[in-house]
Undergrad: 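Quick one: this structure, given as structure tokens, is what I'll be asking you about.
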Amino acid sequence: MRLSQSFLPVLKESPSDAQIASHKLMLQAGLVRQTAAGIYAWLPLGWRVLQKVEQIVREEQDRAGAQEMLMPTIQPADLWRESGRYDAYGPEMLRIKDRHDREMLYGPTNEDMITALFRDDVKSYRDLPRMLYHIQWKFRDEVRPRFGVMRGREFLMKDAYSFDLDEAGGQRSYYRQLLAYLRTFRRMGIKAVPMQADSGPIGGKLSHEFIILAPNGESEVFYDAAVESIDLDRPGLSYDDDAGLAALFNEVTGSYAATDETHDPARWAMVDDKAKRTGRGIEVGHIFYFGDRYSKAMGLKVSGRDGDMVTPMMGSYGVGVSRLVGAIIEASHDDNGIIWPEAVAPWKVGIVTMRADDEATVAAAADLYQKLGAAGVETLYDDRDERGGVKLGGMDLMGLPWQIIIGPRGLKDGVVEVKNRASGEREELTPEAALAKLTS
RNA sequence: CGGGGAGUGGCGCAGCCUGGUAGCGCAUCUGCUUUGGGAGCAGAGGGUCGCAGGUUCGAAUCCUGUCUCCCCGACCA
């Protein structure tokens, strides 16, 4: 992408609305614009990142054996009456009426709908187990949205649902998602710690939330460093290996990890002092096993092996996709701007010309831009007629992992500068060497 | 929902107390000079001061109502 032809509005000062780093940076670097309280438009830069995050989530769900589908944002109220949640769900649910005065709502989640869909077409134990997911916008009319996209009213969420014949099967599905989540967050280049969670109003026995550590996190966290070093690539750990999955689960639950809500000082005291880790965190995922809570209420039954009717056991597994974008920034930035982990960066490389009026500079930049593109490296080329400093500041703010800085001074010696955003390291390389380095 | 704060060119703000017809920085546009970490000079464009009433000869400014946004708390992916 050539910056001169793009819509990437970067602000010199950050709007006064924003309070925390990620929110400020998202506005300043032009990722989002607020449309109403807790509702955001995603501009090209933010949208690219959001899609990267979404794609990682999607790939890991697919690997775990879940099938993607798409359910609507608008749902009929009657669906929620069936599960008994329509009246139970508070004012966070956005209730609307269509022109025929039918009661509708903008979905805050989809357990009810998926249960109905599954019920209507699945009749036999042979069709179980199944795991389904979709990535869709949700709306929860929070009393007080804040922190930008981390606590918005409208948000993009991946929610998966598992259907199993019995509790053991449900547990297996849960373990699979646990592994999928650990792999998902690791791929994004962030540290997300699984913590035993209170399963809350949904009810159920198994529940974990995944917390990204960030100084501005909403809750305080306490955990044993051992949970950070779980090997996810070891032999025997696969989605088809029950023993391996169970071992993983034991490893996760065997180490103390809790937020302030569930913190147990007595158990905490038993953790080795050297392994104790505390800090603040942001919840980016939550997995639940809730058994027959919805299947029972909504009459989901299948014929069992012996001809009897069986009520499937369910679980649901959420990832706050849009929230993750904010959370990643919260966990990865400095005074100059965002520092994207490469896996979610909007572009891998940014090219800056220090002198847009120097022919050799522009030619070298255009050549590198073309070659990087041909090699499949996502590159943003700042070809604007701006001063070097302005462009460098912009690059730092936008946080692309690599910058190639090209100017007459270096070209005189046949080199360009390659800068790593995260470490700040700079190297002077020939354009060919720079190309080789960034395409390898 | 309780408590606090704010709405004035695109962004950040001053002006309001003590009414007299709107200003500053940045951004934008034009020209010239500049050019390796957010340039200088000269000029230009852009605002019914959130909205609605009221007081007054006159309202950004005073009064009433209303909407929106932000912050703290309670609540949440």
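None of the values given here were measured: they were computed from a predicted structure.
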Undergrad: With sequence neighbours left out, write down each residue that passes side-chain contact (heavy atoms from CB on, under 4.5 Å) with A/Ala365, or none if nothing qualifies.
TA: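 Here the qualifying residues are A/Ile351, A/Thr353, A/Tyr381, A/Ile406.
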Undergrad: Just how far, in rounded Å, is P of B/A77 from CG of A/Asp141?
TA: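 Atom-to-atom, A/Asp141 to B/A77, this comes out as 15 Å.
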Undergrad: Is A/Arg144 near enough to B/C76 that one of its side-chain N or O atoms lies under 4.0 angstrom from OP1 or OP2?
TA: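 For A/Arg144, the contact criterion (side-chain N or O under 4.0 Å from OP1 or OP2 of B/C76) is not met.
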Undergrad: Any base atoms under 4.0 Å from A/Gly148, or only sugar-phosphate, or nothing? Heavy atoms, all strands.
TA: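 No contact.
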Undergrad: Does A/Arg33 make a side-chain N or O approach to OP1 or OP2 of B/C11 shorter than 4.0 Å?
TA: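 Checking B/C11 against A/Arg33, no side-chain N or O comes under 4.0 Å of OP1 or OP2.
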Undergrad: Tell which nucleotide pairs with B/U34, taking only Watson-Crick or G-U wobble pairs whose two distances are both under 3.5 angstrom.
TA: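 Pairing partner: none.
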Undergrad: Under 6.0 Å between ring centres, would you say that holds for A/Tyr223 and A/His263?
TA: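 Centroid distance A/Tyr223-A/His263: not below 6.0 Å, so no.
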Undergrad: So does A/Arg63 pair up with A/Glu59, basic N to acidic O under 4.0 Å?
TA: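 No.
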Undergrad: Pick the nucleotide of RNA chain B nearest each of A/Glu386 and A/Met157; which residue has the one closer to the 5' end?
TA: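 It is A/Glu386, whose closest nucleotide lies nearer the 5' terminus.
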Undergrad: Contact class for A/Asp357 (heavy atom, under 4.0 Å): base, sugar-phosphate, or nothing?
TA: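 If one applies the 4.0 Å heavy-atom cut-off, A/Asp357 turns out to touch a base.
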Undergrad: Show me, pair by pair, the donor-acceptor contacts under 3.5 angstrom made by side chains of residues 341-348 of chain A, not counting sequence neighbours?
TA:
{"from": "A/Glu342", "atom 1": "OE1", "to": "A/Trp402", "atom 2": "NE1", "distance (Å)": "3.3"}
{"from": "A/Lys348", "atom 1": "NZ", "to": "A/Leu438", "atom 2": "O", "distance (Å)": "2.8"}

Undergrad: A/Phe288 has an atom CZ; how far is it from atom C1' of B/C76, in whole Å?
TA: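 Distance check: A/Phe288 CZ to B/C76 C1' gives 11 Å.
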Undergrad: For the side chain of A/Arg146, starting at C-beta, report the closest nucleotide among B/C75, B/U28, B/C69.
TA: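 From the listed options, B/C75 comes nearest.
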Undergrad: Starting from P on B/C71, measure out to CE on A/Met150 and report it in whole angstrom.
TA: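 Distance check: A/Met150 CE to B/C71 P gives 11 Å.
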Undergrad: So for A/Arg151 and B/C76, does any side-chain atom that can act as donor or acceptor lie under 3.5 Å from a complementary atom in the base?
TA: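 When only heavy-atom distances are counted, A/Arg151 does reach the base of B/C76 through a donor-acceptor pair under 3.5 Å.
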Undergrad: When you compare the side chains of A/Tyr317 and A/Ser162, does any donor N or O come within less than 3.5 Å of an acceptor on the partner?
TA: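 Yes, because at least one side-chain N or O of A/Tyr317 sits under 3.5 Å from a partner of the opposite role on A/Ser162.
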Undergrad: Starting from P on B/C11, measure out to CE on A/Met26 and report it in whole angstrom.
TA: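 Atom CE in A/Met26 sits about 19 Å away from atom P in B/C11.
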Undergrad: Between the side chains of A/Gln61 and A/Tyr133, does any donor sit under 3.5 Å from an acceptor?
TA: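 A/Tyr133 and A/Gln61 do not have a side-chain donor-acceptor pair below 3.5 Å.
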Undergrad: Between the protein and nucleotides 36-38 of chain B, list every N/O to N/O distance that falls short of 3.5 Å.
TA:
{"from": "B/G36", "atom 1": "O2'", "to": "A/Arg409", "atom 2": "NH1", "distance (Å)": "2.5"}
{"from": "B/G36", "atom 1": "O2'", "to": "A/Arg409", "atom 2": "NH2", "distance (Å)": "2.8"}
{"from": "B/G36", "atom 1": "O6", "to": "A/Gly407", "atom 2": "N", "distance (Å)": "3.4"}
{"from": "B/G36", "atom 1": "O6", "to": "A/Gly407", "atom 2": "O", "distance (Å)": "2.6"}
{"from": "B/G36", "atom 1": "O6", "to": "A/Pro408", "atom 2": "N", "distance (Å)": "3.0"}
{"from": "B/G36", "atom 1": "O6", "to": "A/Arg409", "atom 2": "N", "distance (Å)": "2.5"}
{"from": "B/G36", "atom 1": "O6", "to": "A/Gly410", "atom 2": "N", "distance (Å)": "2.8"}
{"from": "B/G37", "atom 1": "O6", "to": "A/Arg426", "atom 2": "NH2", "distance (Å)": "2.7"}
{"from": "B/G37", "atom 1": "N1", "to": "A/Asp396", "atom 2": "OD2", "distance (Å)": "3.4"}
{"from": "B/G37", "atom 1": "N2", "to": "A/Asp396", "atom 2": "OD2", "distance (Å)": "2.9"}
{"from": "B/G38", "atom 1": "N2", "to": "A/Val390", "atom 2": "O", "distance (Å)": "2.9"}

Undergrad: Between B/C70 atom C1' and A/Leu27 atom CG, what is the distance in whole Å?
TA: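 After rounding, the gap between these two atoms is 12 Å.
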Undergrad: Restricting to side chain to side chain donor-acceptor pair (under 3.5 Å), what partner residues turn up for A/Lys191, sequence neighbours left out?
TA: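 For A/Lys191 there are no side chain to side chain donor-acceptor pair (under 3.5 Å) partners, ignoring immediate neighbours.
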Undergrad: Does A/Lys138 pair with A/Asp159 as a salt bridge, N-O distance under 4.0 Å?
TA: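 Result for this pair is yes, salt bridge flagged.
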Undergrad: Taking for each residue the nucleotide of RNA chain B bearing the nearest heavy atom, is the 5' side occupied by A/Ala36 or by A/Arg140?
TA: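 Its nearest nucleotide being more 5', the pick is A/Ala36.
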Undergrad: Using the test side-chain contact (heavy atoms from CB on, under 4.5 Å), find all partners of A/Glu432 that sit at least two apart in sequence or belong to another chain.
TA: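 Scan of A/Glu432 (side-chain contact (heavy atoms from CB on, under 4.5 Å), adjacent residues dropped) gives A/Thr430.
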Undergrad: Using purine N1 to pyrimidine N3 plus N6-O4 or O6-N4 for Watson-Crick, or N1-O2 and O6-N3 for G-U wobble, both under 3.5 Å, which nucleotide pairs with B/G12?
TA: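 Checking every strand shown, B/G12 finds its partner in B/C24, with both distances under 3.5 Å.
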Undergrad: For A/Leu94 and B/A77, give me the distance from atom CG to atom P, rounded to whole Å.
TA: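 A/Leu94 atom CG is separated from B/A77 atom P by 18 Å.
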Undergrad: To the nearest Å, how far apart are A/Phe185 CZ and B/A77 P?
TA: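 So the two atoms are 14 Å apart, to the nearest Å.
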Undergrad: Across all strands shown, which nucleotide pairs with B/U48 by Watson-Crick or G-U wobble geometry, both distances under 3.5 Å?
TA: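 The base-pairing partner of B/U48, which may sit in any strand shown, does not exist here.
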Undergrad: Is a salt bridge present between A/Arg85 and A/Glu111, judged by a nitrogen-to-oxygen distance below 4.0 Å?
TA: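 Between A/Glu111 and A/Arg85 there is a salt bridge, with a charged N closer than 4.0 Å to a carboxylate O.
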Undergrad: Using a heavy-atom cut-off of 4.0 Å across all strands, would you classify A/Gln34 as base, sugar-phosphate, or nothing?
TA: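 The answer is sugar-phosphate, as A/Gln34 gets under 4.0 Å only of primed atoms, P, OP1 or OP2.
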Undergrad: Each nucleotide N or O in nucleotides 12-16 of chain B that has a protein N or O under 3.5 Å away: list the pair and distance.
TA:
{"from": "B/G12", "atom 1": "OP1", "to": "A/Ser16", "atom 2": "N", "distance (Å)": "3.0"}
{"from": "B/C13", "atom 1": "OP2", "to": "A/Ser16", "atom 2": "OG", "distance (Å)": "3.2"}

Undergrad: Per the side chain to side chain contact (heavy atoms under 4.5 Å, CB included) rule, which among A/Ile74, A/Leu105, A/Thr73, A/Leu94 passes with A/Phe139?
TA: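 Of the listed residues A/Ile74, A/Leu105, A/Thr73, A/Leu94, the side chain to side chain contact (heavy atoms under 4.5 Å, CB included) partner of A/Phe139 is A/Leu94.
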Undergrad: Find the partner of B/C17: check Watson-Crick (N1-N3 plus N6-O4 or O6-N4) and G-U wobble (N1-O2, O6-N3) distances, both under 3.5 Å, and reply none if neither fits.
TA: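 By the stated definition (distances under 3.5 Å), nothing pairs with B/C17.
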Undergrad: Between B/C76 atom P and A/Met93 atom CE, what is the distance in whole Å?
TA: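 Taking atom P of B/C76 as the reference, CE of A/Met93 is at 16 Å.
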Undergrad: Should B/C29 form a Watson-Crick or G-U wobble pair with both distances under 3.5 Å, which nucleotide is its partner?
TA: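 The answer is B/G43, by the H-bond criterion.
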